[in-house]
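A short write-up of the structure that comes next.
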2 protein chains.
Amino acid sequence: MSRVHLARSAKPAVTAVPSYVNTIMKGDCVAALDKLPDNSVDMIFADPPYNLQLQGDLQRPDQSKVDAVDDHWDQFASFQAYDDFTRAWLLAARRVLKPNGTIWVIGSYHNIFRVGAKMQDLGFWILNDVIWRKTNPMPNFRGRRFANAHETMIWATKDQKGKGYTFNYESMKAANDDVQMRSDWLFPICNGGERLKGEDGSKVHPTQKPEALLARVLMSASKPGDVILDPFFGTGTTGAVAKRLGRNFIGIEREQEYIDAATARINSVKELPAHDLKIVTGKRAEPRVAFSALIDAGLVKSGMKLTDSKRRWTATVQADGSLSHGGVQASIHKMGATVQELDACNGWTFWHFDCPKSKKLMPIDSLRQIVRDQMSKAGA
Amino acid sequence: MSRVHLARSAKPAVTAVPSYVNTIMKGDCVAALDKLPDNSVDMIFADPPYNLQLQGDLQRPDQSKVDAVDDHWDQFASFQAYDDFTRAWLLAARRVLKPNGTIWVIGSYHNIFRVGAKMQDLGFWILNDVIWRKTNPMPNFRGRRFANAHETMIWATKDQKGKGYTFNYESMKAANDDVQMRSDWLFPICNGGERLKGEDGSKVHPTQKPEALLARVLMSASKPGDVILDPFFGTGTTGAVAKRLGRNFIGIEREQEYIDAATARINSVKELPAHDLKIVTGKRAEPRVAFSALIDAGLVKSGMKLTDSKRRWTATVQADGSLSHGGVQASIHKMGATVQELDACNGWTFWHFDCPKSKKLMPIDSLRQIVRDQMSKAGA
DNA sequence: TTCTTCTGTGAATCCGTGA
DNA sequence: CTCACGGATTCACAGAAGA
């Protein structure tokens, strides 16, 4: 096992990374994965091989070669071998994935069904399948099928308990005309200047993925400073995009030719400045402010009347930060739910107060922002 | 086992059909399939239970409850139970499929990977996976994932030897701007007048598929007179579309409620005249058209008469997106050129329709803009 | 009658934190 | 671990209701 160390700008001091991070590990995917510690990577992007017929060097987990036979038995043997291979690398990858990490696997109809089923068998919990629609797919030359114009990605957590995974929802929404991002993405295939070519002009790797695709994957489901593992590194699209976007990477690749191409490619990538990598966040990321903090700040006084936007109900602020209405006392949320006869309610947006300045009804949520501004000033 | 016989116009005399054709067989899917002869159906369309594993209630942001698919027929104890079920019905379906027949199976990420892997295991040979992109999917209410905006269909032959399957390549191409049809299709979900509702206004079936989707499946991969089997018939979308398009159907369904709804529905369907169902064949070299998108969108219906601006000629819209006039069938452009005895013609501006709203002749090009608006909204 | 606004709903594996 | 609870979160259409 050897490692290729790549020149790289310094990461934030808070996240000192182990020596194998931002390197390409040469060798078999499972053997290399076995060298990494448990629960150590934030995200995995995997583009495994799939074409059994052309991929004559497919190996079983025990490194023995699969005999190529062209009878019916061969089909079963090939599928079985591919399933064994899939199970082996998925298991090894799963061990190194953090409990709240996620994995992406890309494939076509040749392999994605087998991979997806095996992922479910091993306990991965699918979040979405995402369709990469190609603007410029290769046509079907024989005219016997539909043009195969897409590939499928599976996005999954380590298990059903993995609820705290990274998903930059607001970021995706902002990038999509302020409507939430869908499960079908439109990108051109990788060609032109981005496509790595040899000296003879031939493509270095047969299935180089477009950087735009990887960029959306990393922007949606990782944070700057995260460690991104790609166990089938190829010519290093994942590494190049990770570096550019301020993420760390670990690559695993068997072929020296691809490692050389990836190394040169990643070394030439410039990391974007940190202020370009900020992630749009919504209310969820704001610090929590208790209703009582509004009383402490003098913005709300006990005895003050609150009402809903249509003045159907009123409630009185209590000194302890609860509301009273009809002889009952409860939190702003519980009270909002109770009067509306609902299971739940966001009291911050439900309850309003008469603003003497604008002479309009204003949600108490607007006061919370004032407290947050005060807190950030004091804390800074 | 009982059968519901449906009123149906006569089929072409050349294809006398057995008594179980154009009926709904009531009962368990595998048991019913076992009653059908070997190698007897031309195409299978299957919409099996998806095995959704919903964790609890889901509320919209306005606190209303999402009407979940929690029907008993979608409940399975484990992946193993679902796999056993899948294997059983696929095996039974495979036996009745003709050697050159094809099968379509639709699903979501919950089940489609397991189904696809099992299909490969059983020897089915996948031709394409086709993505149904929804123009109007249900959003992700909690902002924790990408909006699940598509479903996946697998299209496969009985085995690798099935080379003589039906694929109306030219028909699909003519209907798609004269470029070959891709593996991603854009359709709205089934609602509005097409959605079957009970007397109380509630939906009869939780997962009724749009007729436009089935129409493209049948138009692309079957011929008039073919026998189409749907082992999970539900409210009979497959049967309704098959009848309209001059195909025969066999439905299998367990629930009497669905059988009743499907029976009434199919009885009210009118079969299109045979001359509207001709399938375009042969090489063509024509300017680009996207006429079938108007049919998909319901803006143009097969059988509709088009005319030029001075009503000198009329032509009839065919279900496959071509026009017929004087016993000839061609694209809107070629037909316009033919009747005028010109070399070329822009069919979009030449052919007009009687607009019931403005009571004027309007060029069909005016409809194309409506479709463009719909498609751009969906991010096409 | 016509245009605008409001309301309902669709195959959904849909929360995070602190006690 | 579980449990309690604060409080964040939706797009495209169709059809009804209102202006």
Side-chain angles (χ1 to χ4, degrees), chain A residues 100 120 124-129 156-157 160-165 167 169-170 173 176-183 281-286 288-292 321 330-334 336-337 343-351 364-365 368, chain B residues 47-71 73-74 76 79 106-112 132 134-152 188-195 197 201-203 205-210 234 357 373-374 377-379:
Chain A
N100 280 332
Q120 292 181 309
F124 287 105
W125 191 247
I126 300 179
L127 297 170
N128 281 113
D129 57 337
T157 52
Q160 196 174 351
K161 299 192 304 294
K163 300 270 189 193
Y165 59 89
F167 179 51
Y169 173 78
E170 288 83 6
K173 184 171 175 176
N176 191 43
D177 263 351
D178 280 336
V179 293
Q180 57 181 214
M181 188 71 78
R182 297 164 44 112
S183 57
T281 57
K283 275 183 169 182
R284 251 188 296 245
E286 301 279 311
R288 290 205 167 194
V289 175
F291 183 60
S292 65
S331 74
I332 54 172
H333 311 295
K334 280 256 158 67
D343 289 337
C345 167
N346 184 340
W348 290 109
T349 51
F350 178 74
W351 293 111
I364 55 176
D365 196 41
R368 187 162 56 158
Chain B
D47 183 9
Y50 286 10
N51 189 24
L52 299 186
Q53 296 154 56
L54 305 179
Q55 305 300 309
D57 283 351
L58 178 63
Q59 315 266 122
R60 301 168 197 269
D62 66 3
Q63 306 298 333
S64 65
K65 186 167 166 289
V66 174
D67 185 17
V69 179
D70 52 3
D71 304 70
W73 47 255
D74 198 45
F76 293 84
F79 281 139
I106 186 167
S108 67
Y109 67 85
H110 310 86
N111 71 323
I112 199 65
W132 168 29
K134 304 179 183 183
T135 58
N136 48 352
M138 191 184 297
N140 184 286
F141 294 116
R142 302 301 294 265
R144 294 297 294 148
R145 306 181 178 192
F146 300 100
N148 193 8
H150 72 277
E151 295 188 24
T152 301
I189 60 176
C190 177
N191 54 18
E194 187 184 324
R195 188 84 195 219
K197 302 277 175 64
S202 65
K203 56 195 175 192
H205 193 283
T207 70
Q208 185 182 337
K209 296 291 178 288
K357 229 176 186 176
D373 291 345
Q374 290 173 356
K377 269 189 207 166

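Throughout, protein chains are lettered first and strands after them, A, B, ... in sequence-line order, and every chain is numbered starting at 1. All values below come from the heavy atoms of this structure, side chains included, with hydrogens, waters and symmetry mates left out.
Within the 4.5 Å cutoff, the side chain of A:R284 has heavy atoms near those of the A:E170 side chain. For the pair A:D365 and A:N346, the minimum side-chain heavy-atom distance is 4.5 Å or more. Using a 4.5 Å heavy-atom cutoff, the side chains of A:D343 and B:K65 are not in contact. The shortest distance between side-chain heavy atoms of B:Q53 and B:F79 falls below 4.5 Å. Put simply, the side chain of B:Y50 reaches to within 4.5 Å of the side chain of B:I106, judged on heavy atoms. By the 4.5 Å heavy-atom criterion applied to side chains, B:N111 and B:L52 are not counted as neighbours. A 4.5 Å side-chain heavy-atom check between A:F350 and A:H333 finds every atom pair outside the cut-off. Residues B:I189 and B:W132 meet the side-chain proximity criterion, which asks for heavy atoms closer than 4.5 Å.
Stem analysis of DNA chain C (at least three stacked-register Watson-Crick or G-U pairs, each with both distances under 3.5 Å) gives C:2-10 with D:11-19, C:15-19 with D:2-6.
Of the possible polar contacts, none joining the B:R145 side chain to the A:S183 backbone as a donor-acceptor pair under 3.5 Å is found.
Residues A:C345 and A:Y169 both approach DNA chain D. Their nearest nucleotides, taken by heavy-atom distance, put A:C345 toward the 5′ side. Both B:G193 and A:R284 lie close to DNA chain D; mapped to their nearest nucleotides by heavy-atom distance, the more 5′-ward contact belongs to A:R284. In this structure, B:W73 and B:N140 both approach DNA chain C, and ranking their closest nucleotides by distance from the 5' end singles out B:W73. Looking at which nucleotide of DNA chain C each of A:K163 and B:Q53 is closest to, the 5′-most match is held by B:Q53.
What you find for B:N51 and B:D74 is that their closest heavy atoms are N-OD1, 2.8 Å. The shortest heavy-atom contact between B:A147 and A:Q180 is CB-OE1, 3.4 Å. When every heavy atom of A:I364 is checked against every heavy atom of A:G347, the shortest pair comes out as CD1-O, 3.6 Å.
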What are the atom names and distances for every N/O pair under 3.5 Å that joins the protein to nucleotides 4-6 of chain D?
residue, atom, partner, partner atom, Å
D:dG6, OP2, A:S331, OG, 3.2

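Using a 4.0 Å heavy-atom distance criterion, B:G107 is classed as making no nucleic acid contact. No contact: B:G201 has no heavy atom under 4.0 Å from any strand. Heavy atoms of B:P210 sit nowhere under 4.0 angstrom from any nucleic acid atom. In this structure, B:S108 reaches neither bases nor backbone, as no heavy-atom distance under 4.0 Å exists between it and the strands shown. Contact annotation for A:V179: backbone-only contact, meaning every heavy-atom pair under 4.0 Å involves sugar-phosphate atoms and none involves a base. Note on A:D129: nothing from the nucleic acid sits closer than 4.0 angstrom, heavy atoms only. Nucleic acid contact class of B:P188 (heavy atoms, under 4.0 Å, all strands): none. Heavy atoms of B:C190 sit nowhere under 4.0 angstrom from any nucleic acid atom. Counting any heavy atom pair closer than 4.0 Å across all strands shown, A:E170 reaches sugar-phosphate atoms only and no base atom. The residue B:D67 sits close only to the backbone: its heavy atoms come under 4.0 Å of sugar-phosphate atoms, none of a base.
Nearest to the side-chain atoms of A:Q180 among the listed nucleotides D:dA8, D:dC11, C:dA11 stands D:dC11. Checking C:dA11, C:dC14, D:dT10 against the side-chain heavy atoms of A:K173 singles out D:dT10 as nearest. Of the candidates C:dC14, C:dA11, D:dT9, D:dT9 carries the atom nearest the B:P61 side chain, counting heavy atoms from C-beta on. Here the side chain of A:R368 is nearest to one of C:dA12, C:dG10, D:dA8, namely D:dA8. Distance from the side chain of B:R195 is smallest for C:dG10 among the nucleotides C:dG10, D:dG7, C:dC14. Checked against C:dG10, C:dA12, D:dA8, the side chain of B:L54 finds its nearest nucleotide in C:dA12.
Straight-line distance from the CZ atom of B:F141 to the P atom of C:dT9: 12 Å, rounded to whole Å. Atom CG of B:N136 and atom P of C:dG10 are 12 Å apart (whole Å). In this structure, CD1 of A:I126 is placed 16 Å from P of C:dA12, rounded to the nearest angstrom. Taking atom CD on B:Q59 and atom C1' on D:dT10, their separation rounds to 14 Å, with Å as the unit. Between B:H205 atom NE2 and C:dA11 atom P there is a gap of 10 Å when expressed in whole angstrom units. Put simply, CH2 on A:W351 is 15 Å from C1' on D:dG7, counting in whole angstrom units. Taking atom CH2 of residue A:W125 and atom P of nucleotide C:dA12, one finds them 15 Å apart after rounding to whole Å. As rounded to whole Å, 13 Å separates atom P of D:dT10 from atom CG of A:N346.
Straight-line distance between the C1' atoms of C:dC14 and D:dG7: roughly 15 Å, to the nearest whole Å. Rounded to whole Å, the separation between the C1' atoms of C:dT1 and D:dA19 comes to 12 Å. For the P atom pair drawn from C:dA12 and D:dA8, the interatomic distance equals 26 Å after rounding to whole Å.
Heavy-atom neighbours of A:D177 CG from other residues, nucleotides or ligands within 6.0 Å: at or below the threshold of 12.
Within residues 142-150 of chain B, the residues approaching DNA chain D are B:R142, by heavy-atom distance under 4.0 Å.
Between B:H205 and B:W73, the angle of the ring planes stays under 30°, which puts this pair in the parallel group of the 30/60° scheme.
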Could you walk me through whether A:Q160 and B:Q55 pass the side chain to side chain donor-acceptor pair (under 3.5 Å) test, one step at a time?
CA-CA 11 Å; A:Q160 196 174 351; B:Q55 305 300 309; 3.0 Å; yes
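One finds no side-chain N or O of B:K134 lying less than 4.0 angstrom from the OP1 or OP2 phosphate oxygen of D:dA12.
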